[in-house]
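Naming: A, B, ... by sequence-line order, numbering from 1 per chain.
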Amino acid sequence: MEKTYDPKNLEQRWYQTWEERGYFTPSDEADGSSSYCIMIPPPNVTGSLHMGHAFQDTIMDALIRFHRMRGDKTLWQAGSDHAGIATQMVVERLVNAEGKTRHDYGREKFIDKIWDWKEKSGNTITRQLRRMGSSLDWEHERFTMDDGLSDAVREVFVRLYEEGLIYRGKRLVNWDPVLHTAVSDLEVLSEEENGSMWHMRYPLSNGQGHMVVATTRPETMLGDCAVAVNPSDERYKHMIGELLELPLTGRKIPIIADEEHVDPKFGTGCVKITPAHDFNDYHVWQRHRDEVSVSEQRHGGLINIFTVDAVIRDNEPEEGELIPAKYIGMDRYDARKQIVADLEQLGLLEKIDDHKLMVPRGDRSGSVIEPFLTDQWYVKAGPLAKPAIEAVESGKIKFVPDNWKNTYFEWMRNIEDWCISRQIWWGHRIPAWYDSEGNVYVGRSEKEVREKHNLDADYALSQDEDVLDTWFSSALWPFSTLGWPQDTERLKAFYPTSVLVTGFDIIFFWVARMIMMGIKFMDDVPFHEVYIHGLVRDSEGQKMSKSKGNVLDPIDLIDGIDLEPLVTKRTTGLMQPKDAPKIEKQTRKEFPTGIPALGTDALRFTFAALASTGRDIVLSTSRIEGYRNFCNKLWNAARYVLMNTEDQDCGQDNSKIELSVADRWIISRLQQTETKVTEAIEGYRFDHAAQAIYEFTWNEYCDWYLELSKPVLMSKESSTEQKRGTRRTLVRVLETLLRLTHPIMPFITEEIWQRVAPLADATGDDAHGSASVAGGTTAGMQEVEQSRKPEPRTPEATTIMTQPYPVADAAKIDAEAIQEMEWVMQFILGVRRIKGEMNIAPGKQIPVLLGNTSQTDVGYFQNNRHYLDFLARTESVEILAPGDDGPESATALVGEMKLLIPLSGLIDKDAELERLNKEMSRLKQDMERAEKKLSNKGFTDKAPEAVVQKERDKMEEAALALKQLEQQAARISDL
RNA sequence: AGGCGCGUAGCUCAGUUGGUUAGAGCGCUACCUUGACAUGGUAGAGGUCGUUGGUUCGAUUCCAAUCGCGCCUACCA
């Protein structure tokens, strides 16, 4: 093995091997009790991997690998969605670069172009997913626009339509005037922006003064149909029903009373009502449209003033001058200026205040969204939501962490009908046809429609031009990918899926809709658990976004990147090019030397370690570096193990062995670690799993066990059985640790495992307990680990991926060994602390005396002499007779035993006194604390006996230790 | 406005039925290139657990109030 761990050369090699050998496809031979399935949240075909994906994929892959190793029939479903608007925009931009528009190509040719683009460029993210080590079933990769999923979409649409759960209607929608399509509420992002509040005077038609209305969008006044006041508002009560002159239009509009919408305490208490351009006003209009004063307005009061571009429209022939000619053809903002100017001139502008307002913008185009009156298709959400709410209430679906169900309920209980039509070309075309009379026919195909309605082949039908919202097909993902509407084996095996892993930002978008559709069409929930993870932020806690220039490409963390390319990457393609200098400066400051190559395993381990219950994941490269170092530690531990075991007898043939205290101790600790890690993964606490692995590997296996193995292996006095036992433990603990770690760090564990596994010889049933053992307890005699029969190992086709996941065996936990090792470690630490604090070189061998020894101390000492000499660098150890205080010495306590290092020549008297004083004051504090508790009658009366006893023990121990140290201090100061 | 969440070491975070000296990583200090690893070893410094009350024998943990921060939803024309 190389001296330093280098992820580069091993990660991609292993991934390729795994994929070639088909390890990612669910195994028919899986012997676990159940199947396990996760659907990947389909990434967007235009997308590339960001940190959120990398984090999410790490969690899913860890779960998938964990269950695969446990023997479950395991599927991680791969695929991507067609991202209607985003994809169309990408290809449209390419077409624009040719100097053409999509209309020059026409619908069909343009769609062909998108498919071409998808073939060539649509796989960026799947390549990146492979770099993350994701063990997705690529053989069954799906795409929301492929034939099968398109069938599913049509089927669902038709069935919902036939049940009356899909309908077509003219409604106000969020209209993107740049993309010319409706978008859903969820695709609109509102942010506070600076604007103005215009206060306009609307004269009373009877000449008795005016009313003042305020608005943030004065241009919409052209479409006003009324002014509303609160009926209880004394100021205006008497004016209800009177008419106002709507300035600039020559129209008269009524004053109406609306208690719900109008807050008399806000502004002037008068609200202009523009029902075709404001959602609230639309609702007011719905309440009042039957009142004569409103209904006799043009178009019943519902007056649209814009074109699809948000330009003031022209009048229809029969409308006369409904829209004043002066403004026709003006963009909405030009019209605003003009109207304000004209009002000003007429003396009808009372004032303009600065005003902050929430401006809705399309998340794709960035343009200001316009409420706009159009014909759209809707899904009636209420009936679908009801069982979906119950599924979560009843616990059929559990959110992890549990609180997220509140968010879900909040949304579901106030759900509104879902606008599913989009005025774009790329997507599932709505399966509805119209005849020249305007009749609508819905069916799976034109053929089906004609058959069903007995329409001749020459009866003219034209299909609806619109396509469905991408999320409509995503909502079907958990069953459509498995073959629905066909009744497939995969569907039977994997639906309902086990868990959905996703970010909280799409609980509404996606999670809720999958639940509704799953229950509706599969008659069962799509998944049993929803694990909601946090959002990855940069080292300053900022949300990562391209526009902020603080995005990190996970691949750059894996492979490393120099500063200059990183700066270039972050500053190109910005929505706001003016931010480039700021971003460059910030990048140079944060990464003065670029980013070092850290490897996938280190990145994955970092994600796991950060995956606690919080909402934010703050990622810093120093943290990843720490875990890269951990990989190196593991690597070098393996190197040490191999150096001492390869070509040597490690007890593979189950020949006689003797297990030392250290062997039995590390085996015990391994079992405890296995329990912790397994429980952590089962409870989605990957941070706890990672921490348990980290601590065991570094603080126990490396820091102690490997060191303790050295004297055994190096000494001529060790027996063959002892050496064999140690080698076997070295190798088997490592082998097990690799399996334990594999779900989080797949690559390094596979690489090392390939070399370690043959030495550990983890095969064969008769390995259990058949080794003949000299010495040691029963618990220690058994195998390090084996739970499930592993697959037969042949040289070419074996992998850690399909080995059994470690299962702890409580019988292997040797409490005595743990206690004895605790003593050994305390001894060694005591000596080291004295050396450290007395400025004695750690390597210097020194004499040690033991005072106040018990029978156990003497036994432990004799058993472990070789460890103590080696790790504490003792020159000699002498046990003092009872009552003998020995010469003046520096002191450490191991339980009640005194560990003495004679002062002569070595130790500074004052320094030792200082040390003792420090230790004594610590003990005194402990005592005081305990004493205070014990002298409190409330405590001794009411606290549980065990707690009180614990306090008494503590008190006693501290008192004893204090006494010993006081004596010691007295002797030294007498010198 | 409503809902959710968070304030613990310089930084990032653990701390699940209230009871050890409140832990870890990174960073910091001193020493050590010893034979798996300087991407390392050894020893160490560092916290009135946001604030204030309450419940309790006992509160980082439970309750209330308060301050600060973040997110989501709905927004006032």
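Residue A:Arg623 is the one, among A:Lys3 and A:Arg623, whose nearest nucleotide of RNA chain B lies closer to the 5' end (criterion: closest heavy atom). Comparing A:Tyr5 and A:Val271 along RNA chain B, the residue whose closest nucleotide (by nearest heavy atom) sits nearer the 5' end is A:Tyr5.
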Might you list the N or O atoms of the protein lying below 3.5 Å from N or O atoms in nucleotides 8-10 of chain B, with each pair's distance?
none

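Ring-plane geometry between A:Phe630 and A:Phe605 is classed as tilted, the angle between the planes lying from 30 to 60 degrees on a 0 to 90 degree scale.
Only the P atoms considered, B:C63 is 11 Å distant from B:G5, to the nearest whole Å. Comparing the P positions of B:A14 and B:A77 gives a spacing of 39 Å, expressed to the nearest Å. For B:C62 and B:C69, the C1' atoms lie 24 Å apart once the distance is rounded to whole Å. With both ends at atom C1', the span from B:G27 to B:G70 equals 26 Å, rounded to whole Å. The separation of B:U33 from B:A38, taken at their P atoms, amounts to 14 Å, rounded to a whole angstrom. For the P atoms, the distance linking B:U61 with B:G54 amounts to 14 Å, nearest Å.
Between A:Phe827 and A:Tyr867, the ring center distance fails the sub-6.0 Å criterion.
The heavy-atom pair separating A:Trp635 from A:Glu2 by the smallest distance is NE1-O, 2.9 Å. Taking each heavy atom of A:Ala602 and A:Cys631 in turn, the nearest pair found is N-SG, 4.1 Å. Closest approach of A:Leu923 to A:Ala961, counting heavy atoms only: CD1-CB, 3.8 Å. When all heavy atoms are compared, the tightest approach of A:Trp704 to A:Asn699 is CD1-O, 3.2 Å.
Backbone-only contact: A:Thr216 has heavy atoms under 4.0 Å from sugar-phosphate atoms and none from a base. Across all strands, A:Met197 comes closer than 4.0 Å only to sugar-phosphate atoms, never to a base (heavy-atom distances). Within the nucleic acid shown, A:Cys702 comes within 4.0 Å of at least one base atom, counting heavy atoms only. As judged by a 4.0 angstrom heavy-atom cut-off over every strand, A:Arg873 is placed among the base-contacting residues. Base contact: A:Met358 has a heavy atom under 4.0 Å from a base atom. Residue A:Trp698 is classed as a sugar-phosphate contact, given heavy-atom separations below 4.0 Å to backbone atoms only. Using a 4.0 Å heavy-atom distance criterion, A:Leu829 is classed as a sugar-phosphate-only contact. Backbone-only engagement by A:His355 is indicated by non-hydrogen atom pairs under 4.0 Å involving sugar-phosphate atoms exclusively. Residue contacts shown for A:Tyr694 are limited to sugar-phosphate atoms, with no base heavy atom under 4.0 Å away.
Looking at the side chain of A:Thr4, the nearest of the listed nucleotides B:U39, B:A14, B:A36 is B:U39. The side chain of A:Phe870 approaches B:G35 more closely than any other nucleotide in the set B:G19, B:C4, B:G35. Out of B:G19, B:A24, B:U12, the shortest distance to the side chain of A:Glu695 is found at B:A24. Here the side chain of A:Ala637 is nearest to one of B:A36, B:G44, B:A24, namely B:A36.
The partner of B:C71 is B:G3, judged by Watson-Crick or G-U wobble contacts that both fall below 3.5 Å. A 3.5 Å limit on both hydrogen-bonding distances identifies no Watson-Crick or G-U partner for B:A22.
With hydrogens and angles ignored, no donor-acceptor pair under 3.5 angstrom links the side chain of A:Arg832 to the base of B:U42. Between the side chain of A:Glu410 and the base of B:A74 there is no donor-acceptor pair of N/O atoms closer than 3.5 Å.
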*Step-by-step side-chain contact (heavy atoms from CB on, under 4.5 Å) determination, A:Glu350 to A:Thr268*: CA-CA 12 Å; A:Glu350 175 127 330; A:Thr268 58; over 6 Å; no
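In this structure, A:Lys633 is not positioned above the aromatic face of A:Tyr701 in the sense of NZ or CZ being under 6.0 Å from the six-membered ring centre and within 45° of the axis.
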